[in-house]
Amino acid sequence: MSRNEIDLVRAAQRGDRSAMADLYSRNVGYLAAVCSRYITDEEGRNDVLQNSFVKIFSSIGKFEYRGQGSLKAWMTRIAVNESVNYLKSEGKTRRLDDSNAADIPEDDGTEVDDIPQDVILKMIQGLPDGYRTVFNLFVFEEKSHREIAQMLGISESTSASQFHRARAILAKEIQKYRESTEN
């Protein structure tokens, strides 16, 4: 028998371990995917995922259910924050050297509808740490450059610049992918 989300949250808030196990099993795959957008090494990703669930379960009592999807959004926010904290602690969000930006083409607004999702994810994971982090925060978490700058301790212009460069690199990778699949 499957419990609905609100009952599951309430049971977990009361300390019900089976409810926590159910929450974990329902969300571990999704949150692992969220972490993998930010962290490319498996060990780091697993550490962040584990820390995310520790934080989720230690603060579940503070969670306020606001309807369908609110739990997933809250858990995602924790996983994203834990991922960013990990990257900051590893020194992977410091300002990147702009000297290699000359060979990056201008972003041409490339469409990606015809590219498999796993291929796009690999392209995103291949971005330099800072570019990847800013790109993910802007695109997937819908953060503004001001919010990103505050989260990462960088300027808004650096956030915008890293996002622009990430998109340009992805456009170049998409072009290469299309050329390789046309043959």
Side-chain angles (χ1 to χ4, degrees), residues 27-53 55-56 69 72-181:
N27 295 286
V28 68
Y30 175 76
L31 293 179
V34 168
C35 294
S36 73
R37 288 196 315 245
Y38 294 90
I39 303 164
T40 57
D41 70 281
E42 187 176 353
E43 186 176 330
R45 188 171 46 246
N46 289 339
D47 288 348
V48 168
L49 184 60
Q50 180 180 348
N51 290 343
S52 297
F53 274 104
K55 185 163 260 181
I56 287 165
K72 187 177 236 178
W74 179 73
M75 294 172 93
T76 300
R77 195 167 41 254
I78 289 172
V80 167
N81 288 338
E82 288 298 308
S83 296
V84 168
N85 289 341
Y86 171 83
L87 291 170
K88 284 168 47 175
S89 74
E90 296 290 307
K92 295 184 177 192
T93 59
R94 63 183 174 269
R95 187 181 173 107
L96 298 176
D97 181 11
D98 291 339
S99 63
N100 63 356
D103 63 344
I104 298 172
E106 283 297 312
D107 175 25
D108 62 359
T110 303
E111 291 295 319
V112 297
D113 295 340
D114 61 325
I115 310 288
Q117 189 174 6
D118 63 319
V119 172
I120 294 290
L121 179 59
K122 284 184 177 147
M123 289 177 186
I124 293 169
Q125 289 174 329
L127 291 169
D129 294 324
Y131 293 1
R132 183 179 61 252
T133 303
V134 170
F135 181 85
N136 285 324
L137 289 170
F138 190 84
V139 172
F140 295 108
E141 313 311 327
E142 300 178 350
K143 300 285 187 194
S144 69
H145 288 299
R146 170 174 274 156
E147 292 169 311
I148 295 168
Q150 290 172 345
M151 287 178 80
L152 301 180
I154 59 176
S155 70
E156 285 181 57
S157 62
T158 297
S159 176
S161 160
Q162 289 184 3
F163 175 72
H164 174 76
R165 289 190 181 105
R167 284 186 51 168
I169 291 169
L170 290 173
K172 188 175 180 180
E173 291 299 313
I174 289 166
Q175 180 181 358
K176 282 198 280 191
Y177 175 81
R178 285 192 176 123
E179 288 170 1
S180 73
T181 58

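Position 1 is the first residue of the sequence, and the numbers go up from there.
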How far apart are the closest heavy atoms of [X] and [Y], and which atoms are they?
| X | Y | answer |
| --- | --- | --- |
| Ile169 | Pro128 | CD1-CD, 4.3 Å |
| Ala79 | Val34 | CB-CG1, 4.2 Å |
| Tyr86 | Gly44 | OH-CA, 3.5 Å |
| Met151 | Lys88 | O-NZ, 2.7 Å |
| Ile148 | Ser159 | CG2-OG, 3.4 Å |

key: Residues which pass salt bridge (charged side-chain N to carboxylate O under 4.0 Å, His left out) with Lys72, listed by chain and number, not counting sequence neighbours   =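 Once residues adjacent in sequence are excluded, Lys72 has no partner under the salt bridge (charged side-chain N to carboxylate O under 4.0 Å, His left out) criterion.
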State, with a plain yes or no, whether a side-chain heavy atom of [X] is found less than 4.5 Å away from one of [Y].
| X | Y | value |
| --- | --- | --- |
| Arg37 | Gln125 | no |
| Asn136 | Glu141 | no |
| Leu152 | Leu137 | yes |
| Val80 | Phe140 | no |
| Ile56 | Leu31 | yes |
| Phe53 | Ile78 | no |
| Leu170 | Phe135 | yes |
| Ile39 | Asp47 | no |

Between [atom1] of [X] and [atom2] of [Y], what distance do you get to the nearest 0.5 Å?
| X | Y | atom1 | atom2 | value |
| --- | --- | --- | --- | --- |
| Glu42 | Ser36 | CD | OG | 11.0 Å |
| Glu90 | Asn85 | CD | CG | 12.0 Å |
| Arg45 | Cys35 | CZ | SG | 8.5 Å |
| Tyr38 | Asn81 | OH | CG | 9.0 Å |
| Arg132 | Gln162 | CZ | CD | 11.5 Å |
| Ser83 | Asn51 | OG | CG | 10.0 Å |

query = Given the rule in the side chain to side chain contact (heavy atoms under 4.5 Å, CB included) test, do Ile120 and Ile174 qualify, once you have shown the distances and angles that lead to the verdict?
reply = CA-CA 8 Å; Ile120 294 290; Ile174 289 166; 4.2 Å; yes
ask   = Does the pair Arg178/Glu173 count as a salt bridge with the N-to-O cut at 4.0 Å?
value =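 Salt bridge between Arg178 and Glu173, a charged N being under 4.0 Å from a carboxylate O: no.
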request  = Given side chain to side chain contact (heavy atoms under 4.5 Å, CB included), test Lys143 with Phe138 step by step and report yes or no.
outcome  = CA-CA 5 Å; Lys143 300 285 187 194; Phe138 190 84; 6.0 Å; no
task = In sequence, state the C-alpha distance, the side-chain angles, and the governing distance for Thr76 and Tyr30, and then conclude on side chain to side chain contact (heavy atoms under 4.5 Å, CB included).
result = CA-CA 9 Å; Thr76 300; Tyr30 175 76; 3.1 Å; yes
inquiry  = Under a plain distance cut-off of 3.5 Å, with no hydrogens placed, do Thr158 and Ser161 share a side-chain donor-acceptor pair?
reply    =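 Not at all, the side chains of Ser161 and Thr158 share no donor-acceptor pair under 3.5 Å.
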